[in-house]
Every structure is written in C-alpha cells, then in structure tokens.
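First the proteins, then the strands, lettered A, B, ... as listed; each starts at 1.
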Amino acid sequence: MNQIQPYVRSLADKYGRERECLLPILQEIVATEHVLSQDAMVEVAKELNLSAAEVYGTASFYSFLNTKPHGKYVIRVCKSIVAEMKGKKEIVDKLCDILKIRVGETTPDGRFTLLETNDIGWSDQEPSMLINEKPYTYLTPEKIVQIIAGYQANGKSNNHQQIN
Amino acid sequence: MAPSNGLKRVDVIFGAYASTKYLILQKSIRREKQEIIQDIIDSGLRGRGGAGFPTGLKWKFAAAQPGNEKYVICNADEGEPGTFKDREILMKVPQKMISGMAICAYVIGATKAYIYLRGEYQFMVPDLQMELDNFHEQAREMNFDLTIELRMGSGAYVCGEETALIESMEGKRGEPRNKPPFPVVEGFHGKPTVVNNVETFVNANMICRIGVEEFIKLGTQDSRGSKLFSISGDTPKAGVHELELGMKLSDFVAEFGDDDTKAVQVGGAAGFCVPRKKFDSTIIGFEGMPTGGSMMLFNSSRSMYHVLHNYLEFFEEESCGQCTPCRVGCQQLLLGIEAIKRQERPASYLNQLLKLSETMKIASKCGLGQSVANSFSSIVENYVEEMIY
C-alpha cells in the first residue's frame, strides 16, 4: 500500500495539480491498478488540494472509474437494443459459462470482471464488447471461446501485481 | 443513384482530400476571419450532433466575445444508442475534423483546442495522437499557433451535453449547467468556447474547400449539405452511409429496410419512433424530423414494448440525477410500463405516464430529460396494444 503515494505523486507531476487534471489522473490509476482504492483517492485529494469527498464524488459519477476492485481484464458487453436483437444474451451466457461468474462479478483469481454496458458505438456490428479498451464485434459464442482462451493464455505469463 | 427513389448518396465526408499537409487550413488562415464566418453562415450548416444550431452563428458569437482566452472543443462523446458515424470519421479522416477545428480556432481567436473522446473509443488514442503530432508539426511550419489536446470521457452518456462535457473537462462530475450563459459566452474555465460535433467540423472544413455555392447544392432549403447516417438493426446494409438531407423516410426504408420494416427509430433513444404508416409523410431533415444520424430499423418480429423498455433502462441509468424531473421521471416511466405489462396497473395508467413524460420535457434541466418523452410518447401512442398485452 505504501507505493501508492509516490505513484500518485508521479501522476500529479505528469498531469499537473489543477482541478482539470483530476480525471486524467483517476483514469490512469484505473488503467494500471484496475480500481480506485480509498487510499489512492485520499492521496489524489492531498496532491490536488481537494477534499477526499470531492474526489470520490467525481469518481463515482463515471461508470468507467470503478471504486470497487475489478479484474485485470474488464469485459463490457454492449446491451443496447440492437445488441439484444443480434444475440447479446447468448454472448453473455457463454461468458458466464466459461468464466463461471455472473454479470457484475469477478473471477476468484482476479483475472476477469464481467459487466454489461450501454452502447459502445458498434451497433452496425453487434453483438459487441470491450475487453479493457479493445473492441470485439460480430461476436458469436464460438468466437467468445477463442477470445477468452487468448486472454487466459496471455495472463499466465504475466505476473502483474494487483492492489486491492 | 436512381433519382426515382429520392434518396441521394453522396461521398464528400470520406471522399478525397484528407490532406496530412493541412492545405485547406493553410489557405483558410490567409483569408479574412469575417469572410469565413459569413461563408459558414451562408452555407446554412447546422450542428450535426442532433440539436442543429446554426454553426456560423455559434462561431460569430464566440468571435465577437472580448478577451483572448477562448477555446474550441470537439465533441467526440458519441454516446447516443445506434450512433457510430463519428467513430468512422475519427478512424478514417481525422485530418478533416482537426482541420475544421483549427479553422474555427483561427476564426474565433483561440490558441487552445480539445477533443473530448468517449472512454469507449480509448482504442483510437494512439492513432489520433499520432495525427495530432503531425498536425502540430504542420501548424508550426505555417506559423499558426494552436495546440490540440485529447481528453477522455469515462462512460457517461450525459457528457455529450455540451455543458456537462465542459464540467467533465474541468475535472468535475458531468452535470449539465443552467443555460444561459451559453458556452460561447462562458464555457471552459468560464471563457468563450465553441463546442461542435465531430461531423460539424468536417463539414466546416468542407465548406472552406468547395465553397458555399457547391455546398448548398446538397440537401434542401432547411437542411443544407449531406449527413452521415448510422444505420443498424433489421437491415441488410448496416453501417455508415452518407446521404443528402431532406429525403422521405419511405425512400430510406426502400433502400435500407428488409421488406418487413415495422418502425424506424430516428435519432437514437432520444429521438422519435416512426411507425410504418407514417414513413411516407416523414421527411428526414430540419424541416421534418431532425437527427444526429442514428437510424435503427425494426421489423415485425420485434416487440416495441421491449424496445421502449431498453431505452428507459438506458435513460434511468444515464440520468445524472441532478434534477428531479429526469431522475425520478425516468425511474417511474420504467416502473410504470412494467406494472402495466404485469397488469398491476390498468391500461389507462399509460395516460398518466404520458403526462409525466410531458412534464419531464418542460421541467428537465438538459436535453437528456427533455428528450425522454420523444421515444416514450411516439412508441406508446403508436403501439398501445403492445404496451398492454
């Protein structure tokens, strides 16, 4: 937990300490740590001379700034009406089946979090999903098996430490 | 294109001339600022995000403001369900958008501009940043002082509303401001700011390239130019298509439908649902039904209750919660149609819900709450039976 302070400081050095730098800082913390921990938000508040409540109030407004621990890979399946029409349910069922979790949950090894999200901008190629920032479109249950297998293989060689 | 079906395809947005040398900008910054503003006004260009405010006037107001700290913001927070046209511009011809932004900055006297990109489009950042680096190099060679920065959204639909977007850029919750003052007077950091949609900047750049006379040959009296349409749903031709504004919806359906089209949702969840019987009398454009370009087609296998339910869940989740009509209204509309479906409420309860949606239209603070009534009333009134049984 001690390493969060120098880390937050380095981000404040990089982006600046104005109020407008708050979101870029929070976004980078989420990208690297997969969560905005209380400790991180308190540190950000100190660096930017804001109250912790103000930082939390801002963070909690944005659905991509998770204040609860998420897995290393956050899967966001598009749930727009067009996605539903094109078979979103089969995609989500397949993901639940493979990962053995329900929507909103994280796998016990901390690898994957499964979420549904509003339109991600690929209605012409539904069903679609994001894994972290990467979009996947024209999904089928078979494609899901391949994609997840790719991430599972990839994850094993990577011993990234998570802060919870 | 066959003239008989009244639907005219155009190819100017993605067509030739995405110059990495920024030649249109080079030419434009040697012109009089007032002359460019007058061109944009004369072109009749209206905002392509959906609201349709005359672009030239917006630029003129911002240019007329005193002081030399002004901003240009490109709204790339494309979040309306069924919209993906800006994605294509950002991926294929970002130079045209950046050039339009730079011309705007020149005209209003800004030296700082931003692209507010939705979080869902994070994957584009490396390519966009590379193009911005190229732009900055070209601008230096032209002796033109403008820095363009990328700012990311974080998954909030309401941030597409221009004042919410500005709040978000200032590092706050993306809650819309009261208007007036409008951003052209008090925007980012309280300074005059032009916020335009991605496609609007591309159009402005195009007007500077082909001239007003050529531009107004496209479209109709009230809807000049062409428009990108994001076409999805029950269609064999899903994708981005550039069409002239002012077409009949029946012509559109003839081209893009699957011969079984029951309804078209024009303008996304915030737009209107048009049933088959009104296809022939509906004009797509500012003289009829304006749209940011989202066109979702539904065939007769689709339940319109299901469609409305999906939209209401969306609004309920994305309402920022700041004002009561929208926060409570979205919840109650959703709970209301569910209760009617379960027959816990009589069918007449729909009338009460329609009144509630009208109240939201009048009393909500921003476009989000104000537009829920569009899809709600147009779906409920045209498909009453589907709501009840």
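For A:Leu130, the part sitting under 4.5 Å from any heavy atom of chain B is the side chain, from C-beta outward, and nothing else. Using a 4.5 Å cut-off between heavy atoms, A:Glu126 makes no contact with chain B at all. Contact annotation for B:Tyr157: neither backbone nor side-chain heavy atoms come within less than 4.5 Å of a heavy atom of chain A. There is no contact between B:Val125 and chain A, counting heavy-atom distances below 4.5 Å. Proximity to chain A (any heavy atom under 4.5 Å) is restricted, for B:Met169, to the backbone atoms N, CA, C and O. At a 4.5 Å heavy-atom cutoff, A:Glu54 makes no contact with chain B through either its backbone or its side chain. Residue B:Ser168 touches chain A through both its backbone and its side chain, counting heavy-atom pairs closer than 4.5 Å. Within the 4.5 angstrom heavy-atom criterion, only backbone atoms of B:Glu170 (N, CA, C, O) approach chain A. The parts of B:Cys320 that come within reach of chain A are both its backbone and its side chain, each placing non-hydrogen atoms under 4.5 angstrom from that chain. Of the two parts of B:Asp234, the backbone and the side chain both hold a non-hydrogen atom closer than 4.5 Å to a non-hydrogen atom of chain A.
Taking a 6.0 Å sphere around CD of B:Glu149, one finds it holds more than 12 heavy atoms contributed by other residues, nucleotides or ligands. The number of heavy-atom neighbours closer than 6.0 Å to CD of B:Gln331, taken from other residues, nucleotides and ligands shown, is above 12. Residue A:Tyr15 places its OH atom among more than 12 non-hydrogen atoms of other residues, nucleotides or ligands, all under 6.0 Å distant. Around atom CG of A:Asp13, more than 12 heavy atoms belonging to other residues, nucleotides or ligands sit under 6.0 Å away.
Under the 3.5 Å distance criterion, the side-chain polar atoms of B:Ser154 are left unmatched by any main-chain donor or acceptor of A:Phe64. Formation of a donor-acceptor pair under 3.5 Å by the A:Asn118 side chain with backbone atoms of B:Glu80 is not found in this model. A distance-only check finds no donor-acceptor pair linking the side chain of B:Arg173 to the backbone of A:Thr58 [under 3.5 Å]. Side-chain atoms of A:Asp119 come within 3.5 Å of backbone atoms of B:Gly82 as a donor-acceptor pair (strictly under, hydrogens ignored). For the pair A:Asp124 (side chain) and B:Ser232 (backbone), a donor-acceptor distance under 3.5 Å is absent.
Between B:Gly155 and A:Ser63 the shortest heavy-atom distance is O-OG, 2.6 Å. Minimum heavy-atom separation, B:Phe84 to A:Gly121: CB-O, 3.2 Å. Heavy-atom minimum distance, B:Met91 versus A:Trp122: SD-CH2, 4.4 Å. Considering every non-hydrogen atom in both A:Tyr62 and B:Gly174, the closest pair reads OH-N, 3.3 Å. Across all non-hydrogen atoms, the minimal contact from B:Asn310 to A:Lys79 is ND2-O, 3.1 Å.
Note: B:Lys172 leads B:Lys172, B:Lys85, B:Glu78 in heavy-atom pairs under 4.5 Å with chain A. Most heavy-atom pairs under 4.5 Å with chain A: of the set B:His306, B:His309, B:Lys237, B:Glu313, this distinction falls to B:His306. Per-residue counts of heavy-atom pairs under 4.5 Å with chain B were compared for A:Ser60, A:Pro24, A:Ala59, A:Gly57; the largest is that of A:Gly57. Contact count versus chain B (heavy atoms, under 4.5 Å) is highest, among A:Ile120, A:Thr117, A:Ile81, A:Leu23, for A:Ile81.
For the atom pair B:Gln122 CD and A:Gln27 CD, the distance stands at 7.5 Å (nearest 0.5 Å).
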Handout entry: Derivation of the salt bridge (charged side-chain N to carboxylate O under 4.0 Å, His left out) call for B:Arg151 and A:Glu20
Key = CA-CA 10 Å; B:Arg151 286 292 170 88; A:Glu20 65 173 285; 2.7 Å; yes

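Heavy-atom proximity under 4.5 angstrom to chain B picks out A:Met85, A:Lys86 from residues 85-108 of chain A.
Residues B:Tyr121 and A:Pro135 are not in side-chain contact: their nearest non-hydrogen atoms beyond the backbone lie 4.5 Å or more apart.
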